[in-house]
Each structure stands twice: as structure tokens, then as C-alpha cells.
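Values in this document were obtained by computation on a predicted structure and should not be read as measured data. Chain letters run A, B, ... following the sequence lines, proteins first, then strands; residues in each count from 1.
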2 protein chains.
Amino acid sequence: MTTQAAEGLRDRKKRQTRAALSHAAVRLVAEHGLDHVTVEDISAAADVSPRTFFNYFATKEDAVLGPDPDTGPRVRARVLAQPAELSAAAAVREALSAEVAAVVAEDRELWLRRMCVVQQHPVLLAKVFSGGEAVERELVAGIAERVGLPADDTYPLLLGAAAGAAFRVAVVRWSSVRWSSTAASLQDLLAEAVDMLAGGLADPPSAQSQSQSRATSPQS
Amino acid sequence: MTTQAAEGLRDRKKRQTRAALSHAAVRLVAEHGLDHVTVEDISAAADVSPRTFFNYFATKEDAVLGPDPDTGPRVRARVLAQPAELSAAAAVREALSAEVAAVVAEDRELWLRRMCVVQQHPVLLAKVFSGGEAVERELVAGIAERVGLPADDTYPLLLGAAAGAAFRVAVVRWSSVRWSSTAASLQDLLAEAVDMLAGGLADPPSAQSQSQSRATSPQS
DNA sequence: CACAATTGTGCAGTCCCTGCAAAGTTGCAG
DNA sequence: CTGCAACTTTGCAGGGACTGCACAATTGTG
């Protein structure tokens with residue numbers, strides 16, 4: 001499904017090179033830290049010239065966290081493929097959940113290491129879901145198409161951005177909690193976040209001194 | 001209010017230098033495009049050495065879109081200062097609305113130009129609300145404190161991230177619509193987005209062909 | 001095998017960004 | 001006002017990201 005049968009030698013090699021660079025980047029950065037790894041190191045580990053590196057990735061960060069090029073279209077297709085009875089928000093939830101499941105199943109080690117890297121370099125968080133970039137645009141396009149609104153309308157834009165936010169939060173919590181006793185799956189955390197969004201961010205789900213008593217407790 | 005009386009010559013000069021660099025950066029980039037302006041150009045326009053530039057901003061982009069250092073704490077304080085009867089989501093809405101009003105009133109021209117820049121370089125969108133950076137962290141901390149939850153709990157993280165997403169969407173729509181006939185204010189767009197979030201992203205607010213086919217089917 | 005198309009590579013060069021140490025400024029106490 | 005301490009600015013040297021360009025290598029095709 002991910003690899004077409006009718007694929008020439010050329011495209012296969014491209015995939016391999018790209019994967020080699022990505023894997024090398026993730027491994028080295030997880031091992032030595034982002035700024036202790038140069039593009040030269042990565043290309044050397046992947047057996048290509050440094051110049052070739054930039055034929056595949058625009059920046060060093062992209063090699064570590066950049067999604068492969070067909071992630072966007074795939075997510076978009078997933079959103080449209082959800083049963084028509086689902087609300088748009090539910091469709092997005094299911095689509096993302098399916099995507100996470102597929103991606104983690106396919107390359108578990110890679111993603112575990114990626115999460116280590118993210119934990120050490122929160123700056124890269126924006127790129128995990130490619131904040132505002134290609135994937136989110138495709139997602140927005142899919143939502144827009146599904147609900148029959150223009151892609152620059154508030155609703156698709158907001159649902160797409162909110163989904164990205166939920167995804168980011170899920171990743172953060174997952175990578176910060178996985179060292180503790182409770183090991184929640186990324187999908188569960190994602191579902192939790194999306195459900196909370198769908199619930200309108202109603203006050204707190206489980207605070208101690210909350211709904212009424214907040215009025216009694218002076219804050220500032 | 002913004003400038004304390006008890007402020008030495010030193011701090012005043014620092015403020016001035018920072019503002020000069022920021023203004024020069026925004027002006028030049030709006031005029032010539034992001035990659036046709038070098039740090040050297042900016043520092044020259046601000047009458048400081050290139051080296052000094054990096055004493056104030058870590059990156060070129062920060063000089064264009066980076067919020068001044070006390071934005072984070074200010075937003076946090078705003079969240080905590082909202083009346084206790086408000087829900088957390090409502091408090092965030094009011095806080096952001098107030099922040100936008102204050103900031104736009106104080107330096108309108110600067111912000112208009114900033115929006116031009118953002119429109120030309122969507123890559124910078126993440127930095128408008130400093131996606132995942134200082135301001136969002138402070139916002140999350142404020143929310144957490146307000147509702148009495150730890151700052152690494154899902155709820156504060158998600159509300160903060162969602163607010164950032166709403167802000168981004170509002171800015172996008174504002175800067176893409178302001179050339180058309182309908183000129184909505186940034187605050188209105190922000191309120192619209194936050195309300196949509198608070199409504200749980202209920203299906204489409206105004207879809208044409210969907211309303212019936214979806215209305216018959218309940219969401220999960 | 002010849003030919004076109006695509007991909008890999010080396011090279012030169014620009015620019016971003018940093019550490020360090022030497023100036024120049026400002027604040028302050030004597 | 002004078003000397004000292006704290007801080008800021010600046011120049012310099014340098015590493016590393018990234019790009020354009022020309023050329024070599026490889027693959028697809030007739």
C-alpha cells in the first residue's frame with residue numbers, strides 16, 4: 001500500500017536514500033544532540049555527499065522530523081474516507097488515529113527515537129505535525145472538501161489547526177509520561193485531547209477545587 | 001504604563017535599541033522580502049553593529065515577529081485577572097482579546113506591516129504566537145494556575161495550544177480578508193474562532209449542501 | 001548502443017550565528 | 001570629579017547551514 005508495484009528502480013533508490021538520510025539523522029541526533037550533529041555527519045552516515053542531502057531536505061531539522069512527502073495527501077484521503085455519518089471533528093479524530101496507528105506500526109523504532117529528540121528540543125515540536133505547513137494544509141483541504149466549504153473559511157482552518165494542536169499536546173504528554181509508570185498509548189492520548197476539544201473545552205474535567213468553589217477561592 | 005518612571009538610562013537605551021532593530025527589520029522585510037534582507041542591513045538601519053543584533057535577537061525571524069520579552073508574563077497575568085465567574089476558556093478569550101486590543105492600539109503601523117510580512121512568508125506564522133514557545137508556555141502556566149491543575153496536565157496544555165491555534169487562524173483570516181470589502185477586526189475574528197472552539201467545533205456553522213444530510217445523523 | 005532525462009557530486013560563495021576579548025558607557029561610592 | 005565595578009557594544013575569527021552552477025554518473029527508452 002505504501003509502495004506501488006509499478007515503481008522504477010529510480011524511484012525506489014530515491015526512497016531508499018531519503019529513508020537512509022532520515023534514519024541516520026534521527027539516530028545521530030538522538031545520540032549526540034541536535035547541534036552536535038552536522039549535515040556532513042548525517043550524509044556520511046547515509047553514504048551520500050553533503051550536497052545530496054539538500055536535494056532531499058531543505059533543512060537539517062526536516063531530515064529529523066519532516067514527514068515523508070505523501071503524508072499530507074494520505075491524511076487528506078483518510079479524512080474523506082471516513083463514513084459520511086460522522087461529524088467533521090469525529091472524522092478528523094478517526095483519520096488521525098488511523099494515521100498514527102499505521103505510522104507507528106510501520107516504523108516503530110524510528111518514531112520512538114523521534115520522540116526522544118523532540119523531548120530534548122522542544123523547538124522542533126512545531127515540525128512534528130509540521131505546524132502550519134504541508135500536512136496541515138492538506139488536512140484543512142480535506143476538511144473543507146468534506147464539509148463543502150472553501151478552504152479559507154474559518155471552520156476548516158480552525159478544525160485543522162485545532163487538530164494539529166491536539167496532536168502536539170498528545171505527543172508532548174506521551175513523551176513526557178512514557179517514562180513513568182502509566183504508559184498510555186499515543187492514540188489514547190490523542191483521542192482524549194480531541195474529545196476534550198469536541199467537548200468545547202468545558203471547564204476542567206477533573207480538578208480538585210473547581211466548578212463552584214473557584215468562585216470562593218480568590219486567585220490573584 | 002509601558003515605560004516605568006524608575007528606569008535607568010541603561011534600560012531605556014536597551015529598549016530603544018531593541019525597538020529600533022525590530023522596526024528596521026519589519027520595515028525592510030516588508031519592503032524587500034525576508035531573504036533579500038540580511039542581518040547586516042537591519043543592524044545598519046538601526047545604527048548598531050551586526051554583532052549587537054544578536055545580543056537582542058537569537059534569529060533574524062525573531063527580530064521581525066518575536067514578541068517583546070514581557071508579553072508572556074503579561075498574558076499570563078491577564079488570564080489570572082479575569083473575573084472568577086468566567087470559565088477558563090472564556091477567561092482566555094477575554095485575555096487574548098484585551099492583549100490584541102492593547103498591542104494594536106500601541107503600535108498599529110508595526111503590526112500592519114508585520115501582517116504583510118506574514119502573508120508573504122507563511123513559514124513565519126508559527127512565530128506570530130510563538131508556537132510552542134515562551135508566550136504559549138506562559139499562557140499554559142496561567143491557565144493551569146487558574147484552574148488548579150499542574151501545568152503538564154492535558155487540559156491547560158490543550159487549552160493553551162487551542163488558543164494559539166485560534167489566534168493563528170484569526171490572523172490568517174484577518175490578513176487575507178483585509179484587502180476585500182468586508183473588513184472584520186482582528187478581535188472579532190479571534191472571538192469567532194474561540195467561540196467556535198468553545199462550541200466543540202460543532203459541525204459546520206453555515207454549510208450549504210451538508211446541513212441536512214449531516215443533521216439526520218448523530219455524531220458519535 | 002546511442003540518446004534523453006534524471007540524479008549525485010564538487011566547488012565557490014553568501015549568510016547566519018557564536019565565543020572571545022578588547023574597547024566604550026553607565027552607575028555609584030568615595 | 002575621580003576611580004572602580006558592572007554592563008553593553010564592537011571587531012574578529014570561525015564553524016556550519018544552505019544555494020547556484022557546472023559536470024559526472026546512472027537510469028529509462030528506442
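Put simply, the side chain of His121(A) never gets that close to the backbone of Val117(A): no donor and acceptor are under 3.5 Å apart. Arg137(A) places no side-chain N or O within 3.5 Å of a backbone atom of Gly72(A) that could act as its donor or acceptor partner. A donor-acceptor pair is defined here as one N or O able to donate and one able to accept, closer than 3.5 Å; no such pair exists between the side chain of Tyr155(A) and the backbone of Met196(B). When atom types are taken as modelled, the side chain of Arg114(A) and the backbone of Val64(A) share a donor-acceptor pair closer than 3.5 angstrom. Arg168(B) contributes no side-chain N or O that, together with a main-chain N or O of Leu125(B), makes up a donor-acceptor pair within less than 3.5 Å.
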Side-chain donor/acceptor pairs under 3.5 Å, residues 32-40 of chain B, sequence neighbours excluded:
{"unit_1": "His32(B)", "atom_1": "ND1", "unit_2": "Leu28(B)", "atom_2": "O", "d": "3.4"}
{"unit_1": "Thr38(B)", "atom_1": "OG1", "unit_2": "Glu40(B)", "atom_2": "N", "d": "3.2"}
{"unit_1": "Thr38(B)", "atom_1": "OG1", "unit_2": "Asp41(B)", "atom_2": "N", "d": "3.1"}
{"unit_1": "Thr38(B)", "atom_1": "OG1", "unit_2": "Asp41(B)", "atom_2": "OD2", "d": "3.3"}

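With sequence neighbours excluded, the residues that form a salt bridge (Lys or Arg N to Asp or Glu O under 4.0 Å) with Asp195(B) are Arg93(B). When the salt bridge (Lys or Arg N to Asp or Glu O under 4.0 Å) test is applied to Arg76(B), the partners found at least two apart in sequence or on another chain are Glu138(B), Glu145(B).
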Under 4.0 Å protein heavy-atom contact, by nucleotide of nucleotides 9-22 of chain D - B base, S sugar-phosphate only: BBBB---SSBBBB-
Reading nucleotides 1-6 of chain D from 5' to 3' and marking B where a protein heavy atom lies under 4.0 Å of the base, S where only the sugar-phosphate is that close, and - otherwise, the string is -----B
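Chain A approaches DNA chain C within less than 4.0 angstrom (heavy atoms of the protein), and the contacting nucleotides run 5' to 3' from dA5(C) to dC11(C).
Distance OG1/Thr52(B) to CG/Asp47(B): 11.0 Å, rounded to 0.5 Å. Atoms CG and CH2, on Leu190(A) and Trp174(A) in that order, are 12.5 Å from each other to the nearest 0.5 Å.
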